[in-house]
Amino acid sequence: MAPIKMIDIAVNFTDGMFKGIYNSKQHHVSDIATVLSRAWNAGVDRIIVTGGSLEESKEALAIAETDGRLFCTVGVHPTRCNEFEESGDPEKHFQDLLALAKEGIQRGKVVAIGECGLDYDRLHFCPAETQKKYFEKQFELAYAAKLPMFLHMRAAAEDFCEIVERNINKFSGGVTHSFTGTAEDREKLLSFHNMYIGINGCSLKMAENLDVVRDILVDRMMIETDSPYCEIKSTHAGIKFVQSSWPSKKKEKYDQESLVKGRNEPCLVRQVLKVLAGCKGISDIDQLSATLYQNTCRVFFPQDLDAAADALLTGRHESR
């Protein structure tokens, strides 16, 4: 049996924590190379580095170019959408994003537009009207660049789904990542034929979250860490299914052989896989992993899709 292969669809390598900076204070050296080594050894096959602003997307592309297994997104996070108007020329800002996306596609690195969407939990960063305006605008990016969408939805399901529905023909496929919504939100998202749901530690926090996740078809899921955030904590409902752990030390006592306590890493996507299997009562973790891998390739890496496996999975899905 082939070893488990996983794709972490959301890693924020542009975050200061991976440079050793916490709350503006340097605690240790930049350690992305060490973090990557742990991820590859844990069975992570590739990683998508998240872009959340024009500048961050440039940095994400630069990071993605350091390893053949790294890829990235280009887009503006809902809480950063003020940057379109603060730039002084929103249309030029849009064109700069499009040019960056096209450059990244040529380099074989940019695989999605995002992270974009709506976040009504953090309106103090950007008002809802601005978020909606530039969420809708970024579907034009996906259409022009012929890319799928990497999406963010927080406490905004109704407006989010309305905008997605209006733009459903502008993107080939997408994932609503770090899903923490209700059963109703889940059903709205799954009603879009080309939408997948991304699961991480935040999606598996409470018993109610596990209940919602349990009823998502495996054929419509992807896994992620969203590191350095969204770790699976000892207080989380899903922790009972976690069988693997890594030694960790506080940032003040940094040791490259250990994880930094409280900082999530892509190697821990394996824990997400285990919790998902446990909560859904799936014993064949290899098959679960293979299905999630194929789902991810179908959206972000269609050129690498295992055609035979995909036909098998598609056939099984259609027979339900």
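Given the structure is predicted, the values throughout are model-derived calculations rather than measurements. Quick note: residue numbers are just sequence positions, from 1. Computation of the quantities below employed the complete heavy-atom set of this structure, encompassing side-chain atoms and omitting hydrogens, waters and symmetry-equivalent molecules.
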Check your understanding: Are M153 and L189 side-chain neighbours, meaning at least one heavy-atom pair lies under 4.5 Å?
Key ->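 The answer is yes; the side chains approach within 4.5 Å.
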
Would you call [X]-[Y] a salt bridge at under 4.0 Å N-O?
{"X": "E136", "Y": "K132", "answer": "no"}
{"X": "K249", "Y": "D255", "answer": "yes"}
{"X": "D31", "Y": "R263", "answer": "yes"}
{"X": "D211", "Y": "R214", "answer": "yes"}
{"X": "K133", "Y": "E129", "answer": "no"}

**Study point:** Ring centroid separation F150 to H177 under 6.0 Å
**Key:**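 Distance test on ring centres: under 6.0 Å, yes.
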
No-hydrogen, no-angle side-chain donor-acceptor test under 3.5 Å, [X] and [Y]:
{"X": "D8", "Y": "T225", "result": "yes"}
{"X": "D286", "Y": "S289", "result": "no"}
{"X": "Q287", "Y": "T291", "result": "yes"}

Flag yes if more than 12 heavy atoms outside [X] fall under 6.0 Å of its [atom1] atom; otherwise flag no.
{"X": "K205", "atom1": "NZ", "value": "no"}
{"X": "E65", "atom1": "CD", "value": "yes"}
{"X": "N41", "atom1": "CG", "value": "yes"}
{"X": "E158", "atom1": "CD", "value": "no"}
{"X": "E184", "atom1": "CD", "value": "no"}

Check your understanding: Cation over ring, R69 on W40, under 6.0 Å and within 45°?
Key ->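 That pair qualifies as a cation-pi contact.
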
Exercise for review: Just do the side chain to side chain contact (heavy atoms under 4.5 Å, CB included) check on F139 and N169 with the steps written out, would you?
Suggested key: CA-CA 9 Å; F139 283 97; N169 295 319; over 6 Å; no

Point to revise | side chain to side chain contact (heavy atoms under 4.5 Å, CB included) between V164 and T176, worked out | key: CA-CA 11 Å; V164 169; T176 301; over 6 Å; no

Review point. Taking only residues at least two apart or on different chains, which pairs with a member in residues 66-88 satisfy ring-ring contact (aromatic ring centres under 6.0 Å, His included)?
Key: F71-F301, H77-H152, F84-H93, F84-Y134

Exercise for review: Using the ring-ring contact (aromatic ring centres under 6.0 Å, His included) rule, collect all pairs that involve residues 204-226, keeping only residues at least two apart or in two chains.
Suggested key: none

Exercise for review: Would you check, one step at a time, whether the test side chain to side chain donor-acceptor pair (under 3.5 Å) holds for D219 with N295?
Suggested key: CA-CA 7 Å; D219 310 70; N295 294 346; over 6 Å; no

Point to revise | H28/Y22 under ring pair (Phe, Tyr, Trp, His ring centres under 6.0 Å): CA gap, chis, key distance, verdict | key: CA-CA 9 Å; H28 59 79; Y22 303 76; 5.5 Å; yes

Review point. To the nearest 0.5 Å, what is the distance between CG (N264) and CG (N200)?
Key: 8.0 Å

Exercise for review: Would you mind listing every side chain to side chain donor-acceptor pair (under 3.5 Å) that reaches into residues 138-148, with sequence neighbours excluded?
Suggested key: K137-E140

Check your understanding: Taking all non-hydrogen atoms of both residues, which atom of P266 and which atom of S227 are closest, and how far apart?
Key -> CD-OG, 3.5 Å

